[in-house]
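Counting starts at 1 for both ligands and their atoms, following the listed order. Heads up: numbering here begins at 1 and tracks the sequence.
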Amino acid sequence: MERTFLAIKPDGVQRGLVGEIIRRFETKGFTLVGLKFLQVSKELAEEHYGVHRERPFFPSLVEFITSGPVVAMVWEGDGVIASARKIIGATNPLTAEPGTIRGDFGINIGRNIIHGSDAPETAQKEISLWFTDAELVNWQPHL
Ligand code: CMP
């Protein structure tokens, strides 16, 4: 079964959007298999955003994601990687469609509320960077 990594960033936590965001993935029908609330270290932030290392915004990206606690999650379900990206919306909240998380709650690209893996390889890499196997729960809802 497909899995993706999502992280509610410090702005999403500070603005009290955690419940609302989790609700959107739950009511869509995806299954939560990993969840933790943590203060991100500089090392983890730099590794997670390693692909952006040469970008001018990299230092501010690392500074922001380490500025307050985040909610890290793994969600499971058919097509969850692409579907979660749709639920989240475009990277820039100003151009993200209304109805998406970023479209509904943001206006700033550096404060875009939530991160979601963009492809199967990235999802696998990010899940194993943020979670150990023992922190993931293998279960199926009885529907
Ligand atoms: P995220 O999905 O977490 O992945 C990389 C992040 O970099 C992205 O969300 C944005 O928050 C941030 N980002 C992308 N482009 C820019 C930019 N031009 N200026 C500032 N931040 C950016």
K.L.:
Which residue supplies the protein heavy atom nearest to atom 4 (O) of ligand 1, what is that atom called, and how far is it?
P.N.:
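Checking every protein heavy atom, the shortest distance to atom 4 (O) of ligand 1 gives Y49 CE2, 3.6 Å.
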K.L.:
For ligand 1, which is the ligand I care about here, please tell me if R85 has any N or O atom under 3.5 Å from one of the ligand's N or O atoms.
P.N.:
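There is no such contact.
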K.L.:
Judged on heavy-atom distance to atom 7 (O) of ligand 1, which of V51, L61, L6, T91 sits nearest?
P.N.:
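Considering heavy atoms of V51, L61, L6, T91, the nearest to atom 7 (O) of ligand 1 sits in L61.
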K.L.:
Enumerate the atoms of ligand 1 whose separation from the nearest heavy atom of H52 is less than 4.0 angstrom.
P.N.:
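Reading through ligand 1 atom by atom, the close ones are 5 (C).
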K.L.:
Considering only NZ, NE, NH1 and NH2 on the basic side and carboxylate oxygens on the acidic side, decide whether R23 and E26 come within less than 4.0 Å.
P.N.:
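A salt bridge is absent here (no side-chain N lies under 4.0 Å from a carboxylate O).
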K.L.:
Do K9 and F64 meet the cation-pi criteria used here (NZ or CZ under 6.0 Å from the six-membered ring centre, within 45° of the axis)?
P.N.:
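The answer is no, since K9 fails at least one limit relative to F64.
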K.L.:
Salt bridge between K42 and E46, side-chain N to carboxylate O under 4.0 Å?
P.N.:
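E46 and K42: salt-bridged.
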K.L.:
In terms of residue, atom name and distance, what is the protein heavy atom nearest to atom 11 (O) of ligand 1?
P.N.:
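Going atom by atom, the protein heavy atom closest to atom 11 (O) of ligand 1 ends up being I109 O, 2.8 Å.
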K.L.:
Classify the angle between the aromatic ring planes of F57 and H52 as parallel (below 30°), tilted (30 to 60°) or perpendicular (above 60°).
P.N.:
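The rings of F57 and H52 sit tilted, inter-plane angle from 30° to 60°.
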K.L.:
Can you check whether F57 has an N/O within less than 3.5 Å of an N/O in ligand 1?
P.N.:
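Such a contact does not occur with ligand 1.
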K.L.:
Could you check atom 8 (C) of ligand 1 against the protein and tell me its nearest heavy-atom contact, residue, atom and distance included?
P.N.:
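Scanning the protein heavy atoms, the shortest distance from atom 8 (C) of ligand 1 goes to N112 ND2, 3.7 Å.
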K.L.:
Are any of the heavy atoms in R111 under 4.0 Å away from ligand 1?
P.N.:
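Judged by the 4.0 Å heavy-atom criterion, R111 does not count as contacting ligand 1.
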K.L.:
Do the rings of F5 and H115 sit parallel, tilted or perpendicular, given the 30° and 60° boundaries?
P.N.:
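F5 and H115: tilted rings.
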K.L.:
For atom CD of E63, decide whether the heavy atoms of other residues, nucleotides or ligands shown that lie under 6.0 angstrom number more than 12.
P.N.:
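Count not over threshold, so no.
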K.L.:
Does R102 reach ligand 1, in the sense of a heavy atom lying below 4.0 Å from it?
P.N.:
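The answer is yes, since R102 has a heavy atom less than 4.0 Å from ligand 1.
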K.L.:
Hey, which atoms in ligand 1 end up nearer than 4.0 Å to a heavy atom of H115?
P.N.:
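Per the distance check, 1 (P), 2 (O), 3 (O), 4 (O).
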K.L.:
If every non-hydrogen atom of I81 is compared with every non-hydrogen atom of S117, which pair is closest and at what distance?
P.N.:
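Heavy atoms only, the tightest pair is CG2-O, 3.7 Å.
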